[in-house]
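Data first, discussion second: the structure below is written as structure tokens.
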Amino acid sequence: MSDLDLLYSDIEEDLRGSVRDLLEDRCDSDAVTRMYDGDRTVVESLWKSLTELGLAGLLVPEDRDGQGASAREAAVVLEELGRAAAPVPFLTSSVVATTLLLEGDSDLLAPLATGERTAALLVPWSLAPDAEIPAVSIDDDRLSGTVSTVAGALEADLFLVPVAAGSGLSVYAVEAHEASIVPLVSLDMTRQLADVTVDAAPGEVVVADAEQAVRRALDAGAALLASEQAGVARWCLDTTVAYVKDRKQFGRPVGGFQALKHRLADLYAGVESAAAAARYAAATLAQADPDAPVGASTAQAFNGDVAVLAAEEAVQLHAGIGMTWEHPAHLYLKRAKADQIALGTPGRHRARLAGLVGLPG
Amino acid sequence: MSDLDLLYSDIEEDLRGSVRDLLEDRCDSDAVTRMYDGDRTVVESLWKSLTELGLAGLLVPEDRDGQGASAREAAVVLEELGRAAAPVPFLTSSVVATTLLLEGDSDLLAPLATGERTAALLVPWSLAPDAEIPAVSIDDDRLSGTVSTVAGALEADLFLVPVAAGSGLSVYAVEAHEASIVPLVSLDMTRQLADVTVDAAPGEVVVADAEQAVRRALDAGAALLASEQAGVARWCLDTTVAYVKDRKQFGRPVGGFQALKHRLADLYAGVESAAAAARYAAATLAQADPDAPVGASTAQAFNGDVAVLAAEEAVQLHAGIGMTWEHPAHLYLKRAKADQIALGTPGRHRARLAGLVGLPG
Amino acid sequence: MNSQLRERVRDFLADHDPRAMERVDFLRARYDAGLAWVHFPVGHGGLGLEQALQPDVDRLFREAGAPDNRPGVNPIGLGMAAPTILAFGSDAQKDRFLRPLWTGEEVWCQLFSEPGAGSDLANVATRAVRDGDEWVVNGQKVWTSGAHNARFAILLARTDSSLPKHFGMTYFLCDMTDPGVDVRPLRQITGEAEFNEVFLTDVRIPDGQRLGDVGEGWKVANATLNNERISIGKSADRESGMLGVVASTWRERPDLRTPDLHDRLLRLWVDAEVARLTGTRLRQKLAQGQPGPEGSTMKLGFARIAQQLSGLEVELLGEKGLHYSDWTMVRPGHVDFNGRDAGYRYLRAKGNSIEGGTSEILRNIVAERVLGLPGEHRVDKNIPWKESAK
Amino acid sequence: MNSQLRERVRDFLADHDPRAMERVDFLRARYDAGLAWVHFPVGHGGLGLEQALQPDVDRLFREAGAPDNRPGVNPIGLGMAAPTILAFGSDAQKDRFLRPLWTGEEVWCQLFSEPGAGSDLANVATRAVRDGDEWVVNGQKVWTSGAHNARFAILLARTDSSLPKHFGMTYFLCDMTDPGVDVRPLRQITGEAEFNEVFLTDVRIPDGQRLGDVGEGWKVANATLNNERISIGKSADRESGMLGVVASTWRERPDLRTPDLHDRLLRLWVDAEVARLTGTRLRQKLAQGQPGPEGSTMKLGFARIAQQLSGLEVELLGEKGLHYSDWTMVRPGHVDFNGRDAGYRYLRAKGNSIEGGTSEILRNIVAERVLGLPGEHRVDKNIPWKESAK
């Protein structure tokens with residue numbers, strides 16, 4: 001088989017540069033930390049700036065007001081968002097919801113692409129692509145039900161709601177103001193979750209017979225979450241390496257102690273591998289390769305754990321300071337741990353791979 | 001609950017001293033290594049010396065010609081046998097076969113206790129205490145069937161054979177010369193296995209309705225194998241620590257390099273823990289504590305892996321020399337890996353614990 | 001148990017009805033009767049007996065319904081300050097400090113760690129300058145638990161920066177009510193502030209509150225730390241602590257179980273059970289008078305198991321694991337490592353391998369003191385502290 | 001692929017019918033036509049083109065049914081000796097050695113490691129003393145694969161022991177047929193003898209077979225080793241190597257499966273697949289001219305995965321895992337890491353983290369050269385080799 005390109009094109013590197021500059025400018029870790037105390041002011045202006053770069057429409061064809069780019073570019077954006085623990089609804093709206101709407105011909109796609117509107121798919125954030133999809137009920141064209149721990153709901157003005165329609169599943173669009181949204185105290189407040197209830201809410205079908213479409217949207221989310229995780233892991237490695245070069249104990253940099261060197265060498269290998277796994281997941285997704293589900297689950301099984309390990313090592317090797325509120329390491333530990341559960345745990349993806357690659361238990 | 005004594009009594013330490021002296025004298029690693037090329041001369045004289053110390057009858061009451069000691073003392077002997085990778089049938093004859101005969105009133109127990117005879121239970125050496133027990137068939141008082149990968153068969157003159165008797169299981173005694181014994185090229189030639197076939201062989205019942213008795217014998221074997229594994233692990237740790245203190249590279253002892261220090265510190269913790277686990281398994285077995293099966297499976301689940309890790313670290317930290325035939329490390333790697341499978345793998349014992357401690361899957 | 005001792009407790013209880021006395025009066029009387037810590041000397045709350053006898057004495061008092069000295073409120077005082085004062089204090093210091101320490105009337109905290117002196121504790125930069133009969137102290141301490149409730153602190157400060165680092169320190173007993181002591185909460189990744197930063201500005205300590213000789217601070221501090229490190233925890237039941245919490249969740253929520261999580265849980269069950277047995281064995285060795293630095297391995301194992309179990313629990317809970325109880329900045333009166341929710345346990349357990357000696361430092365200790373492997377190259381050992389790299 | 005190059009191959013094949021020529025004549029002609037290794041210079045088997053073009057050339061020859069130079073028989077020669085001779089050799093040396101090396105007429109081995117110079121390769125003690133136009137070499141080498149089949153060796157020897165270790169070595173090309181060369185098989189834990197010990201007694205090497213300047217041996221040897229370390233393996237299919245073996249067993253033996261082993265196998269499947277993708281990515285970087293020492297991580301991962309997989313396989317096989325194929329001491333012509341039985345694979349894989357640079361040394365290299373962390377304290381760096389601790 002001919003290998004897919006796992007490197008970055010010059011265009012992708014330019015995109016990375018723009019996103020990184022913007023995040024350095026507008027996403028400082030103190031502002032992000034304040035989200036844990038309920039101050040979410042950083043979100044709106046940051047998201048606005050990102051949409052002005054056209055990022056919300058990366059996956060949307062140009063004739064539907066998007067950029068006509070691919071999952072490869074979205075993955076680069078997510079690496080940078082992970083690296084900054086950025087609190088924006090790119091993954092939930094511009095990847096998951098957008099991928100779903102791409103399967104229909106809804107007029108709602110264009111305003112999503114421009115950033116005019118923001119959407120969230122109403123499923124629990126822990127839902128794996130191959131899990132049973134919870135659905136609300138419909139009666140007389142009105143939707144009723146509760147979906148718990150939804151990501152991106154707080155940032156969205158539009159919900160995509162799986163609805164049990166006969167023996168199948170349809171996805172309806174519901175205006176957020178028609179729903180009751182209860183924000184949850186979340187392990188990762190930079191992606192704060194919410195329970196969402198609709199009670200006889202009006203909605204319109206945007207994708208009918210939608211089960212496979214929802215699964216594909218979740219799989220796109222899982223494939224690209226791997227890039228976010230690679231970015232989280234990269235920040236943890238880079239920051240820790242810089243710290244141990246600088247931090248002196250016993251009259252020398254602690255980064256010169258061999259036990260730490262070996263752990264960081266192993267972590268480096270893990271982070272490089274996570275980057276390759278994420279790249280493959282994005283490349284197969286970008287060209288609708290039949291191997292895409294294997295790529296997504298492999299990357300989730302691997303990167304979910306690597307990001308957690310990287311964040312745990314960052315805290316441990318920063319020692320005392322890494323345990324404090326004032327150092328940003330905790331933002332990455334919480335993001336990594338929540339990301340490990342998001343869209344299916346690594347164990348869940350391994351179990352899925354067993355079926356996909358023919359290694360049954 | 002009152003804690004069981006997990007230390008060694010003075011009597012136990014004396015016993016250890018005698019066994020260790022004898023092994024240092026009569027069990028040199030070159031002679032043991034020669035077993036891999038088919039020279040098994042070391043076995044007979046070594047076993048004779050050990051039986052002269054009365055070790056074969058440790059678990060047998062004094063009124064049946066034994067020493068009237070307990071599993072605690074047998075465990076100490078096994079720690080030393082493990083430490084020397086000694087090729088004697090103590091575990092197979094003096095623990096497993098003896099424990100089984102203790103459940104009946106066979107006259108065969110006394111000659112086993114004195115070392116005059118040596119027995120082996122005909123089951124595959126990989127059999128876990130809770131697995132299905134393979135049995136030969138009986139027809140007209142004659143036994144026929146094959147049992148594969150039996151440990152201790154090459155050293156035994158007497159076989160204890162599980163026989164399918166109606167809906168239950170009986171154990172028959174069969175003279176070894178009535179059976180056909182095919183020695184196997186084994187991963188661990190210091191406990192070389194054999195396939196044993198009986199073809200209309202005569203035998204006599206030694207334990208009737210024997211299923212639970214066989215399981216208890218296997219459980220005793222598993223509980224005390226943990227001490228052998230602790231001994232294997234201890235040798236690997238001690239030998240490696242001594243080597244890295246002595247071996248110089250880059251002008252200094254390699255044991256001064258922190259990455260190695262940390263690995264050896266962790267290994268030390270593992271070896272100390274393995275000793276505690278083995279001690280608890282022996283103590284509960286010695287007083288027929290209802291917790292004995294939990295003790296045995298906990299110790300097997302833990303020590304099986306620790307012994308392998310210790311042997312793998314020994315090879316790795318001896319580097320080149322550890323890969324050679326002339327250094328004894330390979331004897332311990334092979335023993336540890338075979339012991340990991342013997343009487344049930346760690347995974348198998350974990351699965352058993354799930355039932356014993358109420359953590360179902 | 002010693003029957004004479006049992007009788008002595010019985011006699012004391014006959015003369016002092018715990019139900020009829022004020023709590024503090026009862027505790028003071030128990031101290032004066034030598035029944036506070038029987039291994040301390042006569043006159044300082046003890047009878048010069050073996051420490052192993054203490055748990056039985058405590059049990060007898062407990063069975064009689066007597067109040068205890070709330071050891072959980074003053075762990076630094078009882079576990080670290082008291083044995084150090086006993087070993088290095090003058091008679092006047094023992095008389096002044098030990099009784100109110102034991103009764104809990106005076107709670108203690110520890111002012112050792114600094115931003116630049118974590119694992120390398122001998123690097124403390126807080127200065128104490130002699131001024132007549134007093135010492136004037138300036139500097140910043142960190143990771144001080146209970147500072148906001150403490151009356152006194154054990155304090156390590158640099159008194160001569162021209163000496164190599166280990167030789168220029170002195171150990172003091174510091175009054176936390178001194179106006180130069182400023183205690184500020186230090187917020188942690190859990191959201192709460194269990195610890196403090198303590199800023200010391202011209203704090204004046206009488207020379208009579210110096211413990212040990214000038215320049216002997218490192219030796220005294222090591223005695224304190226050894227008391228911390230040989231603490232191998234109490235005898236524990238199977239499935240106590242973090243394992244019990246996760247095992248309960250497992251039993252109550254069959255819907256959450258997967259084969260992957262099952263095997264990981266069983267591995268950790270085995271690890272925790274073996275750690276429990278290892279602890280039991282170490283306590284039995286200690287009781288036989290064979291203590292040793294191998295106790296350091298207990299804390300290594302405890303931290304690893306707690307971290308892996310709490311990480312597993314968050315995954316096991318899945319959707320529910322994405323919740324958190326409360327990020328509000330509070331100052332907990334009492335820290336329950338197993339308390340609150342899975343997310344809290346996960347984050348809090350990260351501290352287990354840092355506080356009280358990082359796992360990296362403990363591995364060094366095991367490698368060097370137990371296994372006898374060579375020490376690290378020490379570039380700063382023989383040069384004046386002020387000239388060493390910070 | 002370059003169409004000019006394609007045409008050149010086609011023309012060569014038109015003039016040289018592989019079916020009509022002796023194998024060695026064909027190979028010599030191919031060398032002389034510059035189609036042996038196209039990135040080598042004209043006149044030495046190449047055309048001065050990019051290395052990335054070589055696989056396509058090889059493919060064209062393969063498709064034409066041409067014999068290859070059996071690269072598996074001469075890995076040290078092709079992978080290590082040839083690039084070093086190219087970089088440091090005189091024209092006479094290149095003319096003499098490169099052609100028979102490439103055609104396989106002369107097989108090479110490597111005489112670097114010694115009992116006292118394993119990870120610390122710069123510690124070699126084998127001496128070479130100048131005697132007129134020759135050098136007289138005495139010492140012992142170890143871990144020499146293929147020494148018993150080799151005609152020549154690359155050899156590192158100490159020529160001045162009064163200099164610090166890195167400066168007193170010189171690099172030679174040693175004729176293995178010299179009567180002073182004694183090759184003895186070195187038996188390994190697998191039972192077989194894949195490697196050798198080589199004893200050198202008054203071996204005489206002409207000065208014309210010195211590679212690089214006197215005292216420049218370390219620099220030349222490092223060039224050789226870098227060729228070893230950046231070798232990141234060929235593009236591999238999914239489930240190739242050890243994983244394929246274990247996965248086949250898994251698929252064929254449902255009776256052996258347990259949930260514990262299942263999750264471990266899936267984890268290793270993921271690790272191996274990600275390692276494969278990481279290798280692909282590194283090769284793509286190399287092809288773009290971005291090579292780097294991060295290639296060292298590939299060997300780390302390869303060794304760990306091979307060891308864990310082979311260990312798992314023995315457990316999976318259970319009863320059958322207790323068997324072994326054959327302990328007889330043999331000298332294998334060809335080493336197949338995945339060959340023979342599970343026990344062999346398990347034991348052989350232990351060497352993967354030792355040979356060609358231990359995993360410990362590779363982690364140092366990654367930490368220092370990739371991450372830029374400080375080097376180890378080097379006590380022996382600036383003292384004469386003869387005075388350093390051995």
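All values below come from the heavy atoms of this structure, side chains included, with hydrogens, waters and symmetry mates left out. These numbers come from a predicted model, not from an experiment. Every chain is numbered from 1, with letters handed out A, B, ... down the list of sequences.
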Please identify, among D:E360, D:E273, D:E239, D:H377, the residue contributing the most non-hydrogen atom pairs under 4.5 Å to chain A.
D:E360

With no hydrogens and no angle check, is any side-chain donor or acceptor of D:K165 less than 3.5 Å from a backbone partner on D:L121?
no

Residue selection (most heavy-atom pairs with chain D, distance under 4.5 Å) from A:A351, A:P360, A:G347
A:P360

Quick one: do D:R59 and D:D56 make a salt bridge, cutoff under 4.0 Å?
yes

Has D:K299 got a side-chain atom pairing as donor or acceptor with D:L362's backbone, closer than 3.5 angstrom?
no

Which one of A:D266, A:L264, A:L353 has the most heavy-atom pairs closer than 4.5 Å to chain D?
A:D266

Side-chain ion pair, D:D68 and D:R62, N-O less than 4.0 Å
no

With a 4.5 angstrom heavy-atom cut-off, could you sort out which part of D:L373 is near chain A: side chain, backbone, both or neither?
both

Would you say the side chains of A:S297 and A:Q300 form a donor-acceptor pair under 3.5 Å?
no

Need one label for D:R267: side chain, backbone, both or neither, based on atoms under 4.5 Å from any heavy atom in chain A.
both

Please identify, among D:E376, D:E368, D:R304, the residue contributing the most non-hydrogen atom pairs under 4.5 Å to chain A.
D:E376

Is the backbone N or O of D:L53 less than 3.5 Å from a side-chain atom of D:H39, with the two atoms forming a donor-acceptor pair by type?
no

Taking the side chain from D:R251 and the backbone from A:L359, do they hold a donor-acceptor pair closer than 3.5 Å?
no

Under a 4.5 Å heavy-atom cutoff, which of A:S273, A:A354, A:A274, A:A301 has the most pairs with chain D?
A:S273

Counting only N and O atoms by type, is there a donor-acceptor contact under 3.5 Å from the side chain of D:S388 to the main-chain atoms of D:W385?
yes

Without swapping roles, check the side chain of D:R276 against the backbone of D:A236 for a donor-acceptor pair under 3.5 Å.
yes

Between D:E114 (side chain only) and D:V124 (backbone N and O only), is there a donor and an acceptor less than 3.5 Å apart?
no

May I ask you to decide if A:A281's main-chain N or O and A:T284's side chain share a donor-acceptor pair within less than 3.5 Å?
yes

Pull out the residues in residues 228-260 of chain A that come under 4.5 Å of chain D, heavy atom to heavy atom, sorted by number.
A:V241, A:V244, A:K245, A:P253, A:G255, A:G256, A:Q258

Using modelled atom types and a 3.5 Å cut-off, is there a donor and acceptor pairing between side-chain atoms of A:K261 and backbone atoms of D:P374?
yes

Within residues 253-264 of chain D, which residues come under 4.5 Å of chain A, heavy atom to heavy atom?
D:R257, D:H262, D:D263

Is D:R348 paired with D:E355 through a side-chain N to carboxylate O contact shorter than 4.0 Å?
yes

Is a side-chain donor or acceptor of A:Y332 paired with a backbone partner of A:R83 at a separation under 3.5 angstrom?
yes

Is it the backbone or the side chain of A:V294 that comes under 4.5 Å from a heavy atom of chain D, or both, or neither?
side chain

Would you mind checking which part of A:D291 comes under 4.5 Å of any heavy atom in chain D, side chain (CB onward), backbone (N, CA, C, O), both or neither?
side chain

